[in-house]
Each structure stands twice: as structure tokens, then as C-alpha cells.
Amino acid sequence: MSKPEGRPLRTEFHEQLDQLEATVQEEGQLVLRAMRGALNTLTHRDPELADEVIAFDDEVDSRSSSVEQQVELVLATQSPVASELRLVLAILHVNIHLERMADLSVNIAKLAKLGHAIQPEAPLVIEGFEEMGARAEEMTRLALDSFANRDLAAAVSLVKLDDLIDNTNRRVVRHLAKLEGEETAREWALLMIVVSRCLERIGDNAVDIGEQTAYLVTGEFREFEDASHPQQAGA
């Protein structure tokens with residue numbers, strides 16, 4: 001019996017999809033590296049490391065651009081069926097969220113560099129940042145793994161982890177609001193409030209990646225955290 005016509009083309013297409021997913025996962029590892037560098041810049045008061053994190057963003061942008069080009073090629077040259085199209089669109093959205101996370105890491109590095117020379121003694125704030133950063137890294141790894149493994153339960157669990165980051169963010173902001181002393185201390189506090197917000201937003205983007213996993217698994221898109229129906233977040 002002869003091979004069904006078109007089978008080699010579909011096999012090649014699925015290999016393209018596999019490569020596309022692999023590229024996104026590689027981008028995710030780059031983003032994790034950028035996040036760790038940004039956090040170290042903040043906690044170790046290292047302006048040279050800040051410059052490295054800022055420069056490293058070019059590598060993330062290059063990988064992100066590669067994903068976009070591959071997606072465009074797939075959509076232009078293939079005719080994906082529903083499940084394949086869902087995967088392509090999910091990959092595109094994950095790519096967007098990863099790029100945002102890298103940009104937020106760059107923002108943290110820039111803000112840390114600005115505040116380096118005026119940073120007062122504020123151990124509770126730095127401890128809070130370390131906690132938020134570790135949680136953001138954990139969430140990013142979990143989000144990437146849930147996407148790779150199509151693990152809906154792991155994706156949904158990101159919501160509770162994100163709540164922990166939100167709680168720490170509020171605690172850090174309260175500490176910063178209580179800082180007293182010279183004008184430079186208040187200036188540093190304002191910079192660090194933005195840093196705390198950046199870390200919180202990284203967690204939000206990890207949840208967004210989890211939502212793409214849910215989209216792949218169920219075929220329906222829904223937000224895990226709906227402000228109008230908060231009781232449904234873990235449903």
C-alpha cells in the first residue's frame with residue numbers, strides 16, 4: 001500500500017511545531033537568567049551587573065523575534081487544523097509574555113542602578129524583594145513546565161503562588177512608605193515601589209502563560225483571576 005499523500009508534509013509541519021515550542025522554552029530559560037541577574041543587581045547593589053542585564057535583553061529580543069518569524073512562516077505556509085492552530089496561537093502569546101517578563105527584568109536592573117548610590121539601610125525591603133524574586137522564578141519555571149507538559153492542574157496552581165507575591169508586594173510597599181530621613185531615602189523608596197510592582201507583574205505574566213496551557217488543554221480561553229467572578233479562579 002502506498003503512503004497517503006501529504007503525510008510527509010504533515011510530519012514536517014509537526015516537526016516545525018516541536019521546534020517552535022523548543023525555541024520558546026529556550027527563551028524562557030533566557031528570561032529566567034535575566035530575572036536572576038536583575039534580582040542580584042538589586043540585592044547586591046551591583047551597577048555593573050545591571051549593565052549586563054540590560055545588554056542581555058538583546059539576546060531575549062532576538063529569540064522572541066525568531067519565534068514571531070517562525071509563527072508567521074507556519075501560518076503562511078501550512079494549513080493548521082483546530083488543535084494545531086490553537087498551539088501556534090498559544091506559543092505566540094507565551095512568547096509575548098516572556099518578552100514582557102524580560103523587559104520587566106531590565107526595568108528592575110535600571111531602577112536598581114539609579115538607586116545604588118542613595119540606598120538607605122532597609123533590610124526588610126530587600127528581604128521582601130528576595131522573597132518575591134524567588135517566587136517569581138518558581139512561578140516562571142512552573143508556567144513553562146505546565147505548558148510543555150499540558151498540565152492544567154499545575155497551571156491553575158499558579159494563582160495561589162501569585163497571591164503570595166501580591167501579599168509580599170503589599171508588605172514591601174508598606175515598609176517603603178514608612179521610610180523616613182533625607183530626601184534621597186524618599187527618592188529611593190519611590191524607585192523601589194516601582195521595582196516591587198515590576199516583580200508583581202512578572203508573577204502576573206507567569207499566570208498568563210498558565211492560562212495559555214489551559215487554552216491548549218480545554219480549547220477554551222478563560223482568565224484564572226476574574227475580578228468580576230473571583231470565586232471561580234480555581235474552578
Side-chain angles (χ1 to χ4, degrees), residues 24-25 27-39 41-42 53 57 60-61 63-64 67 89-112 125 128-148 151-174 176 190-218 220-235:
V24 166
Q25 290 291 333
E27 182 185 357
Q29 296 307 308
L30 294 178
V31 170
L32 282 165
R33 180 177 165 186
M35 289 167 54
R36 173 46 51 187
L39 188 63
T41 297
L42 187 66
V53 172
D57 191 53
V60 178
D61 288 343
R63 197 61 57 93
S64 176
V67 170
L89 294 176
I91 287 172
L92 183 61
H93 282 92
V94 170
N95 181 55
I96 291 170
H97 292 303
L98 288 173
E99 185 179 21
R100 287 174 181 168
M101 293 161 88
D103 289 342
L104 288 164
S105 299
V106 169
N107 290 344
I108 292 170
K110 289 179 177 179
L111 290 163
V125 172
F129 286 154
E130 290 175 341
E131 181 181 333
M132 292 176 73
R135 192 74 67 189
E137 289 183 59
E138 177 188 4
M139 289 182 66
T140 302
R141 290 192 178 90
L142 182 59
L144 291 168
D145 287 346
S146 74
F147 190 80
D151 189 340
L152 180 58
V156 173
S157 73
L158 289 163
V159 174
K160 290 185 178 179
L161 294 175
D162 190 47
D163 288 342
L164 296 177
I165 286 189
D166 292 345
N167 291 339
T168 307
N169 174 49
R170 286 190 287 270
R171 188 176 78 239
V172 166
V173 170
R174 285 197 297 269
L176 289 166
L190 291 174
L191 292 172
M192 293 307 105
I193 286 173
V194 181
V195 165
S196 191
R197 174 59 174 163
C198 287
L199 287 167
E200 189 263 339
R201 285 295 299 140
I202 288 174
D204 289 344
N205 277 276
V207 172
D208 290 336
I209 292 174
E211 290 172 352
Q212 294 303 316
T213 297
Y215 172 59
L216 272 183
V217 173
T218 68
E220 297 181 1
F221 180 80
R222 65 185 178 94
E223 293 186 358
F224 289 162
E225 296 183 291
D226 186 340
S228 61
H229 301 91
Q231 72 276 13
Q232 298 179 4

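Numbers for residues simply follow the sequence, beginning at 1.
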>> Assess the residue pair Gln212 and Phe221 against the criterion (side-chain contact (heavy atoms from CB on, under 4.5 Å)); give the C-alpha distance rounded to whole Å, side-chain angles, the decisive distance to 0.1 Å, and a yes or no.
In response: CA-CA 7 Å; Gln212 294 303 316; Phe221 180 80; 3.7 Å; yes
Heavy atoms, side chains only, cut-off 4.5 Å: are [X] and [Y] in contact?
X      : Y      : value
Asp204 : Asp162 : yes
Ile91  : Phe147 : yes
Asp151 : Asp145 : no
Leu142 : Leu158 : yes
Tyr215 : Leu89  : yes
Leu199 : Ile165 : no
Leu39  : Met132 : no

Would you confirm whether [X], through its side chain, and [Y], through its main-chain N or O, come within 3.5 Å as a donor-acceptor pair?
X      : Y      : value
Ser64  : Val60  : no
Asn205 : Arg201 : yes
Ser196 : Met192 : no

From [X] [atom1] over to [Y] [atom2], what is the distance, rounded to the nearest 0.5 angstrom?
X      : Y      : atom1 : atom2 : answer
Asn167 : Glu131 : CG    : CD    : 9.0 Å
Glu200 : Arg135 : CD    : CZ    : 14.0 Å
Leu32  : Met101 : CG    : CE    : 7.0 Å
Arg197 : Ile202 : CZ    : CD1   : 11.5 Å
Leu161 : Glu138 : CG    : CD    : 5.0 Å
Leu144 : Glu27  : CG    : CD    : 9.5 Å

>> Under the criterion side-chain contact (heavy atoms from CB on, under 4.5 Å), I'd like the reasoning laid out for Met35 against Leu30: C-alpha separation, chi angles, the key distance, then a yes or no.
In response: CA-CA 9 Å; Met35 289 167 54; Leu30 294 178; over 6 Å; no
Please find the pair of heavy atoms, one from [X] and one from [Y], that lie closest to each other, and give the distance.
X     : Y      : value
Gly37 : Val53  : C-CG2, 3.5 Å
Asp57 : Ala102 : OD1-CB, 3.6 Å
Ala90 : Leu216 : CB-CG, 4.0 Å
Ala38 : Ala109 : CB-N, 4.4 Å

>> Please determine whether the number of non-hydrogen atoms from other residues, nucleotides or ligands lying under 6.0 Å from atom CZ of Arg33 exceeds 12.
In response: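 Open: at most 12 neighbouring heavy atoms sit under 6.0 Å from CZ of Arg33.
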>> Evaluate Val125 against Leu176 for side-chain contact (heavy atoms from CB on, under 4.5 Å), listing each step before the verdict.
In response: CA-CA 7 Å; Val125 172; Leu176 289 166; 3.8 Å; yes
> Hey, mind stepping through Glu223 and Glu211 against side-chain contact (heavy atoms from CB on, under 4.5 Å) and telling me if it holds?
Replying inline: CA-CA 6 Å; Glu223 293 186 358; Glu211 290 172 352; 3.8 Å; yes
> Would you call Asp103 and Arg100 a salt bridge, taking side-chain N to carboxylate O under 4.0 Å as the test?
Replying inline: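 No, Asp103 and Arg100 are not salt-bridged.
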